[in-house]
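Comments concern the structure below.
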Amino acid sequence: MNEITLRVINESNFLDAFHLTLAPGQEQFVSHPIRSLAQAYVYYHQCTPFGIYNGETMVGYVMVIYDYDLEEYNIWHMMIDEAQQGRGYGKAAMEACLAYIAGKPFGASGRVVLTCNKENPKAIGLYKSLGFSETGNEDEEEIELSLRLNT
């Protein structure tokens, strides 16, 4: 496996993000990159959308957003393409996101928050393996998990 890297989504690679697909049944867990990029455009002053790359191939997508009101980072809409799942790319991408956040690109907070569908045990297990823990906050079918970076 090549090293997983994050590259900002821009005019040179946004179409690659549009071609990412989820496995059947995963649509309930994450928004398609087209919707996510629309959100990134609206929140451009506090958000960075990334393509997840294995070498020169985009294998997934993720957004890092900063909530200035709560002074915390959020990881939104992480997905790995159906054909690329099961290769460790999700964990490597999350580690790359946390390294990016540790550089405090938008604000000084070390708190990272994400939500996950309760019916997605693989994702919950991944996040917990990286040190995230459930906060007790829930919204419909989503649970919130958080992590404090030691920076």
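Only heavy atoms go into these numbers, but all of them, side chains included; no hydrogens, no water, no symmetry mates.
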- prompt: In Å and rounded to the nearest 0.5 Å, what is the SG to NZ distance from Cys116 to Lys128?
  reply: 10.0 Å
message: Nearest 0.5 Å, please: how far is CZ in Phe50 from CD1 in Ile75?
response: 10.0 Å
- request: Would you check, one step at a time, whether the test side chain to side chain contact (heavy atoms under 4.5 Å, CB included) holds for Leu130 with Leu147?
  value: CA-CA 9 Å; Leu130 293 167; Leu147 171 73; 5.8 Å; no
- request: Answer with yes or no whether the hydrophobic clustering places Met78 together with Val113; edges join I, L, V, M, F, W, Y residues whose side-chain heavy atoms lie under 4.5 Å apart.
  value: no
message: Please enumerate all residues that pass salt bridge (charged side-chain N to carboxylate O under 4.0 Å, His left out) together with Arg148, with sequence neighbours excluded.
response: none
- prompt: In terms of the angle between their ring planes, are Tyr68 and His45 parallel, tilted or perpendicular, with boundaries placed at 30° and 60°?
  reply: parallel
message: Please report the interatomic distance CG(Leu145) to OG1(Thr115), rounded to the nearest 0.5 Å.
response: 8.5 Å
message: Checking the side chain of Asn74 only, and the main-chain atoms of Trp76 only, is there a donor and an acceptor separated by less than 3.5 Å?
response: no
query: Going through the distances and angles, do Asn13 and Tyr53 end up as a side chain to side chain donor-acceptor pair (under 3.5 Å)?
result: CA-CA 11 Å; Asn13 61 359; Tyr53 281 81; 3.1 Å; yes
message: If I take atom OG1 from residue Thr21 and atom CD from residue Glu82, how far apart are they, to the nearest 0.5 angstrom?
response: 5.0 Å
- request: Search all heavy atoms of Pro49 against all heavy atoms of Leu37 and return the closest pair with its distance.
  value: CB-CD2, 3.7 Å
statement: Tightest non-hydrogen contact, residues Asp81 and His19, listed as OD1-O, 4.1 Å
statement: Closest non-hydrogen contact found for Ser36 with Met63 is O-SD, 3.2 Å
query: Rounded to the nearest 0.5 Å, what separation is found between the OG1 atom of Thr48 and the CG atom of Leu6?
result: 10.0 Å
message: How close do Thr135 and Ser146 get, counting heavy atoms only, and between which atoms?
response: CG2-OG, 3.4 Å
task: Might you point out which heavy atoms bring Cys47 and Ile65 nearest each other, and give the distance in Å?
output: CB-CG1, 4.0 Å
- request: Give a yes or no answer on whether the side chain of Tyr43 reaches the backbone of Ala38 with a donor-acceptor pair at less than 3.5 Å.
  value: no
- line: Between the CD1 atom in Ile52 and the CD1 atom in Ile4, the distance rounded to the nearest 0.5 Å is 7.5 Å
message: Under a 3.5 Å threshold, yes or no: a donor from one side chain and an acceptor from the other, between Glu71 and Ser109?
response: no
query: Hey, does the side chain of Thr57 reach the backbone of Val59 with a donor-acceptor pair shorter than 3.5 angstrom?
result: no
message: Determine whether a donor-acceptor pair (N or O, by modelled atom type, separation under 3.5 Å) exists between the side chain of Gln46 and the backbone of Tyr66.
response: yes
task: Answer with yes or no whether the hydrophobic clustering places Tyr61 together with Phe18; edges join I, L, V, M, F, W, Y residues whose side-chain heavy atoms lie under 4.5 Å apart.
output: yes
field: Worked check of side chain to side chain contact (heavy atoms under 4.5 Å, CB included) between Val62 and His77
entry: CA-CA 6 Å; Val62 66; His77 308 299; over 6 Å; no
task: On the 0 to 90° scale, with breaks at 30° and 60°, tag the Tyr44-Tyr41 ring pair as parallel, tilted or perpendicular.
output: tilted
Residues Lys118, Glu140: salt bridge by 4.0 Å N-O rule: no
message: With side chain to side chain contact (heavy atoms under 4.5 Å, CB included) as the criterion, how do Phe132 and Ile124 come out once you've worked through the C-alpha distance, each side chain's angles and the decisive distance to 0.1 Å?
response: CA-CA 9 Å; Phe132 283 85; Ile124 293 169; over 6 Å; no
task: Quick one: closest heavy-atom pair of Ile9 and Met58, and the distance?
output: CD1-CE, 3.7 Å
task: Examine distances only and state if a side-chain atom of Asp67 and a backbone atom of Leu70 form a donor-acceptor pair shorter than 3.5 Å.
output: yes
- prompt: So, does Tyr73 use its side chain to make a donor-acceptor pair with the main chain of Phe106 at under 3.5 Å?
  reply: yes
